[in-house]
Amino acid sequence: MSAAIAIWLGLVVSSTIALVTAVVLAVRVVRLREGSLVQRLGVALVPPWAALVVLRGGRIVAPSLFALAVGSYLVLQIAAAMMAPS
Amino acid sequence: MLSILALSAIVLPASAWLHLQQPVGRRAFGEALGAALSGEIPGELAIDGVREVRLPTVRAASVVARTASGREVMELRDVTLELDLLGSLEQRGMLARHASVGGGSLDLTESPDGSPWIERAFDEDETSEPAAAPSPSTPGALLLRFGGIRFEDLDVLAGAGGTTARLSRASGRARIWLRRDADVQMRFWRVRGLLRTSLPVISEATARGLALRIDPSSRSVARFATRLDALGSRLTLAGHAPARDGHSARLCLWTGGAARASLFGIGAELFTANGSDVSFDMRPSEAPPSPRCEEEGS
């Protein structure tokens, strides 16, 4: 498998995981009983903030997965930008 | 959990499509498509400079076919394909509704062992061991079909003696199906353009139609017939190339009766008889409906 195909697959998978976990985190934040609904909606719309709130609540899997996916996506985008155009 | 799976099922293809629009995605698509097609032939098919992937439309700067030894036998530039995605999946090939090519070149010359170079790129080596269990995925099962194909310029190198032709602004239909019984057909019948050859009789002519058949398994790999407006006459030119098995490449010219073209035809006949590896046959008569340039008596 060539580097371009591996990077493209990585981008697709990591962005999918990041988006899905962001939605999961947002739902969990909205379901919390702390604060007003407006406050919770505001937090839910900012996925990194939502991840921190969920992490503080003792849940580790979804925030970790989100952080890993976003980190991987950024690294892969840098790798893609460094590739010489064909 | 089910909602997460459903969300992933929506997001994954959307993300794949979105990232295909990025340079790395276009490059990955070109490499993946090239690798998939190369896996079906002995040679290599490289798709370089993919400029756009908006399925079913794909635009690439060049498509190059090489033999296993690295000799370039086909180069197509500024290629735009409109793929038939469902048909491609059903028939396990690459089917396109339309294809357009800005320019390109095709090498129909022979290798030292007598087989054409292009055959070595696309067709299985006859001396190689046959696959144990032939299947659609084994080499030689490549299917390419273009419902409509159009190209601006195509240079054809047809013989070791330097016989070349340039076809311009042509459109037609192509079907390339490489299996054990190789079946390669390229037919163009709406040629609107200029035919240039290195033959003294017709250096430049307007082509009114062209039937071209390329069959690597045949003694004559390329066979063609075309009607031309040249030398103030309506001519019909047919032929086959390259020379194989002791037979020379052959061209036949029907001049439609006694005309200025007949004199040129006689001149060309004399020239090719003495100084060319092309066998030329001038026929001062009307061409048959399906002109074929065979040896007399064969």
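Residue numbering restarts at 1 for every chain, and letters A, B, ... go by the order of the sequence lines.
The minimum heavy-atom distance linking B:Val24 with A:Ala4 is given by the pair CG2-O, 3.9 Å.
Within a 6.0 Å radius of CG in B:Leu85, other residues, nucleotides and ligands contribute more than 12 heavy atoms. Atom CZ of A:Arg59 has 12 or fewer heavy atoms from other residues, nucleotides or ligands within 6.0 Å.
With a threshold of 4.5 angstrom between heavy atoms, A:Val24 approaches chain B through side-chain atoms but not through N, CA, C or O. Heavy atoms closer than 4.5 Å to chain A are found nowhere in B:Ile10, neither backbone nor side chain.
Between A:Trp8 and B:Leu20, the closest side-chain pair of non-hydrogen atoms falls below 4.5 Å.
Rounded to the nearest 0.5 Å, atoms CZ (B:Arg27) and CD1 (A:Ile7) are 8.5 Å apart. With values rounded to the nearest 0.5 angstrom, A:Leu19 atom CG is found 11.0 Å from B:Leu12 atom CG.
Between B:Ser15 and the choices A:Thr16, A:Val13, A:Leu11, the side chain to side chain contact (heavy atoms under 4.5 Å, CB included) rule is met once, by A:Thr16.
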